[in-house]
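Please read through the structure below; I'll follow up with questions.
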Amino acid sequence: MWRLVGAGVATVLAALPTALSGQAPVAPAANEGALREYAGVYQWAQDHFVYLQLWSEFAGTNHLVAFDESGEVRTLYRTHDDRFYAGPGAAAQDAIESRITFRRDSTGAITSLTWVRDGAAPSTAQRVEIEQREDVRFAHDGIQLAGTLISPRTQRKHPAIILVHASGAEDREYVLPFARFLIRCGIAVLGYDKRGVGGSTGDWRTASYDDLAADVVAAFAYLKTRNDIDSAQIGLLGWSQAGWIMPLAAVRAKKIAFLISVSGAGVSPSETTIDEAQNEMAARGMRTETVQRIVDLMKLQYQYARTGQGWDEYAAARERLVARLGRAPETFPATPDDPYWGMVRRLYIYDPALTMRRLELPVLAIFGELDDNIVAEKNRAAWDSGLRAGDNRDYTLRILSHANHMQLEAKVGSNAEMASLQRFVPAYFTTVRDWLALRVHPFGPCR
């Protein structure tokens, strides 16, 4: 799934000849109500847990996914009753690596799961209640936002992290896999449904980055009212598009304690979209000449959106692409008055450097070496330049080896290999834990 500024690049690629497609099989729609019963925390050993939750990143619809604290990620496919199987990759459905059976007590409540992998000895994890969950609501400017606050089961004030979405229709648990391991470290985590998703009102499709940043600030204001949250230690953690949104929120709300960007861009959305389109088209085996034609058209499109100049040049390049492909993707409007231009100007023509220079809080930005959406060294340099220009005294920028856009351990970093990948890079968890341990107090024994 494209997780940056919406469906623009995905639509470009969808318009290409089908022989170029390398997408993994799409999983069938799941019965969310039936699957939700299995979600929760399961304990293998004293300090080893696995988290099951509904997640739609791999298939576009919610499936039950297991996130092990070792970093292993597997989608669970139900066969019948309380029996599931998992493939050899995160979303590999066409082969069986493991069989998973859930057990119940005399009341019908799920008590454990047993995982058998490749004929090895079974491993059993007990279902445990180490988290406290509370559904919450907060509002601003007529927008009602619904979410869930997940806290450690300890009787004290907790530091807290607000989860900030990537692009698309993301719910309150979409970014949770990037932060859930921190709850055992004593940190509460707040996720909320994006505008127009789940229990939240409004419409994310018409929202600007400023609008989405205002939602983050509203979440921050809400947490500050709670007696169980340490208001001096509320930070942000977000993925992908959140790299543009979180700095806007942090500039508005000066008391936000820290910011953790995971695979977030430091360059403009227009430049980012060109990078990801170019890399993904090349990964699909497109001819270099065709890739260059599309990239050149994208540059002309963004130039026109930004300046209002160059329509004739853009229109001529668009016609050449139509002649080559047979049609033009909807992301390349045919007329200057097409409503799509409003979305381009709202989301793609934005310079994050100006906001980065105003960041005064501690910043951790993590990039994947093999991320073909966010080019690691280019974006690391952009964050560095912006933060240095603003004289920020506490920032850390890390490029993690073998990591893709989702911080999964990859081979090439393309979308086509996503289903076959097996785990998060271990350095992701240690990097976030070690950085927070020096800045959040108390930081529990979560290793």
Side-chain angles (χ1 to χ4, degrees), residues 136-143 145 147 149 151 157-166 175 178-179 182 186-192 194-195 207-262 264-266 268-269 350-366 379 382-397 432 435-443:
V136 302
R137 299 188 70 87
F138 49 94
H140 74 99
D141 294 337
I143 300 292
L145 296 166
L149 179 65
S151 306
K157 287 194 172 187
H158 306 295
I161 284 176
I162 299 166
L163 302 180
V164 184
H165 307 101
V175 187
F178 292 95
L182 295 171
I187 298 176
V189 173
L190 172 63
Y192 59 92
K194 187 182 281 190
R195 294 179 177 209
S208 66
Y209 295 138
D210 282 325
D211 293 332
L212 298 175
D215 295 345
V216 177
V217 173
F220 174 67
Y222 166 73
L223 285 180
K224 287 198 301 180
T225 68
R226 293 185 61 102
N227 294 329
D228 57 343
I229 299 298
D230 183 346
S231 62
Q233 297 194 92
I234 302 172
L236 311 177
L237 184 151
W239 174 43
S240 194
Q241 189 189 75
W244 294 308
I245 296 167
M246 291 187 295
L248 290 168
V251 166
R252 287 192 190 189
K254 297 292 188 182
K255 302 237 181 238
I256 290 176
F258 56 84
L259 184 161
I260 300 174
S261 171
V262 182
S268 70
Y350 167 67
D351 182 2
L354 301 176
T355 305
M356 284 185 188
R357 292 171 192 163
R358 299 172 62 192
L359 290 178
E360 300 174 352
L361 76 174
V363 172
L364 170 64
I366 296 173
N379 284 278
W383 278 84
D384 183 54
S385 177
L387 293 168
R388 271 193 299 108
D391 198 28
N392 187 300
R393 303 298 179 88
D394 184 1
Y395 68 91
T396 304
L397 311 176
V432 173
W435 189 85
L436 281 173
L438 298 175
R439 292 164 179 83
V440 171
H441 307 285
F443 192 79

Using the rule given for side-chain contact (heavy atoms from CB on, under 4.5 Å), can you reason through Val164 versus Leu237, listing the C-alpha separation, both sets of side-chain angles and the distance that settles it, and then say yes or no? CA-CA 6 Å; Val164 184; Leu237 184 151; over 6 Å; no
Residues in side-chain hydrogen bond (donor to acceptor under 3.5 Å, both in side chains) contact with Asn379, at least two apart in sequence or another chain: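 If we apply the side-chain hydrogen bond (donor to acceptor under 3.5 Å, both in side chains) test to Asn379, skipping adjacent residues, there are no hits.
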Give me the atom names and distance for the closest heavy-atom approach of Gly186 to Pro159.
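It is O-CD, 3.5 Å.
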- prompt: Can you find a side-chain donor-acceptor pair between Thr355 and Tyr350 that sits under 3.5 Å?
  reply: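 Side-chain D/A pair, Thr355 to Tyr350: present.
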Test: salt bridge (charged side-chain N to carboxylate O under 4.0 Å, His left out). Region: residues 354-363. Which pairs qualify, not counting sequence neighbours?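 For residues 354-363, and leaving out neighbouring residues, there are no salt bridge (charged side-chain N to carboxylate O under 4.0 Å, His left out) pairs at all.
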Exercise. Once the angle between the rings of Tyr192 and His165 is folded into 0 to 90°, is it parallel (under 30°), tilted (30 to 60°) or perpendicular (over 60°)?
Worked result: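 Rings of Tyr192 and His165: perpendicular, as their planes differ by over 60°.
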**Report entry** Euclidean distance, Tyr395 OH relative to Trp435 CH2, rounded to 0.5 Å
**Finding:**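 Trp435 atom CH2 to Tyr395 atom OH measures 13.5 Å (nearest 0.5 Å).
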Check: Looking at residues at least two apart in the chain, or sitting in another chain, which of them share a salt bridge (Lys or Arg N to Asp or Glu O under 4.0 Å) with Arg137?
Finding: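 Here no residue qualifies.
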Discussion item. I'd like to check the side-chain hydrogen bond (donor to acceptor under 3.5 Å, both in side chains) partners of Ser151; sequence neighbours left out, ordered by chain and number.
Written reply: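 For Ser151 there are no side-chain hydrogen bond (donor to acceptor under 3.5 Å, both in side chains) partners, ignoring immediate neighbours.
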- Message: Testing the basics here: between Ala382 and Gly266, what is the closest heavy-atom pair and its distance to 0.1 Å?
- Response: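 What the structure gives for the nearest pair is CB-O, 3.4 Å.
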In chain order, what residues pass the side-chain contact (heavy atoms from CB on, under 4.5 Å) check against Met356, with sequence neighbours excluded?
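Partners of Met356 by the side-chain contact (heavy atoms from CB on, under 4.5 Å) criterion, ordered by chain and then number, come out as Pro352, Trp383.
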Checking side-chain contact (heavy atoms from CB on, under 4.5 Å) for the pair Ile234/Leu190: CA distance, chi angles, key distance, verdict? CA-CA 10 Å; Ile234 302 172; Leu190 172 63; over 6 Å; no
message = Test of understanding: with salt bridge (Lys or Arg N to Asp or Glu O under 4.0 Å), list the residues that count as partners of Asp228, not counting sequence neighbours.
response =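 Residues passing salt bridge (Lys or Arg N to Asp or Glu O under 4.0 Å) with Asp228: Arg226.
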Q) Distance from Gln233 atom CD to Lys255 atom NZ, nearest 0.5 Å? A)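 Taking CD in Gln233 and NZ in Lys255, the distance rounds to 13.5 Å.
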Q) Pick from Leu359, Val251, Leu236: which one makes a side chain to side chain contact (heavy atoms under 4.5 Å, CB included) with Ile256? A)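 That would be Leu236.
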Practice prompt. For Leu397 and Leu364, run side-chain contact (heavy atoms from CB on, under 4.5 Å): C-alpha distance rounded to whole Å, both residues' side-chain angles, the deciding distance at 0.1 Å, then the answer.
Written response: CA-CA 6 Å; Leu397 311 176; Leu364 170 64; over 6 Å; no
*asked:* Quick one, Ile187 with Leu436, criterion side-chain contact (heavy atoms from CB on, under 4.5 Å). Give me CA distance, side-chain angles, the key distance, then yes/no.
replied: CA-CA 10 Å; Ile187 298 176; Leu436 281 173; 4.1 Å; yes
With a 4.5 Å limit on heavy-atom distance, are the side chains of Trp239 and Leu163 in contact?
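No, every pair of side-chain atoms sits at 4.5 Å or beyond.
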Do you know which two heavy atoms are closest between Gly243 and Pro247, and how far apart they sit?
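Closest pair (atom of Gly243, atom of Pro247, distance): O-CD, 3.2 Å.
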ask   = Under the side-chain hydrogen bond (donor to acceptor under 3.5 Å, both in side chains) test, which residues partner Arg388, sequence neighbours left out?
value =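 If we apply the side-chain hydrogen bond (donor to acceptor under 3.5 Å, both in side chains) test to Arg388, skipping adjacent residues, the hits are Asp384.
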Which residues pass the ring-ring contact (aromatic ring centres under 6.0 Å, His included) test with Tyr222, sequence neighbours left out?
->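 Tyr222 satisfies ring-ring contact (aromatic ring centres under 6.0 Å, His included) with Phe138 only.
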Give me the atom names and distance for the closest heavy-atom approach of Phe258 to Val440.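 Scanning both residues, the minimum pair turns out to be CE2-CG2, 3.8 Å.
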key: Set of side-chain contact (heavy atoms from CB on, under 4.5 Å) partners for Lys157, sequence neighbours left out   =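 Here the qualifying residues are Asp230.
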Name the atoms and distances for all side-chain donor-acceptor pairs under 3.5 Å in residues 210-220, with sequence neighbours left out.
unit_1 : atom_1 : unit_2 : atom_2 : d
Asp211 : OD2    : Ser208 : N      : 2.9
Asp211 : OD2    : Ser208 : OG     : 3.2
Asp215 : OD1    : His140 : NE2    : 2.5
Asp215 : OD1    : Arg195 : NE     : 3.3
Asp215 : OD1    : Arg195 : NH2    : 3.2
Asp215 : OD2    : Arg195 : NE     : 2.7

* May I ask you to decide if Ile229's main-chain N or O and Lys224's side chain share a donor-acceptor pair within less than 3.5 Å? =>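 Such a contact is absent between Lys224 side chain and Ile229 backbone.
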ring-ring contact (aromatic ring centres under 6.0 Å, His included) partners for His158, two or more places apart: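 Partners of His158 by the ring-ring contact (aromatic ring centres under 6.0 Å, His included) criterion come out as none, since no residue qualifies.
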ask   = Do the side chains of Pro269 and Trp244 get nearer than 4.5 Å, heavy atoms only?
value =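 In contact.
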- Among all residues two or more places apart in sequence or in another chain, which pass the salt bridge (Lys or Arg N to Asp or Glu O under 4.0 Å) test with Asp391?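 So Asp391 forms a salt bridge (Lys or Arg N to Asp or Glu O under 4.0 Å) with Arg393.
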Check whether any side-chain heavy atom of Ile162 sits under 4.5 Å from a side-chain heavy atom of Val189, and report yes or no.
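Ile162 does not reach Val189 side chain to side chain.
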Practice prompt. Kindly give the heavy-atom pair with the smallest separation between Leu361 and Asn392, and that separation in Å.
Written response: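 That would be O-ND2, 3.1 Å.
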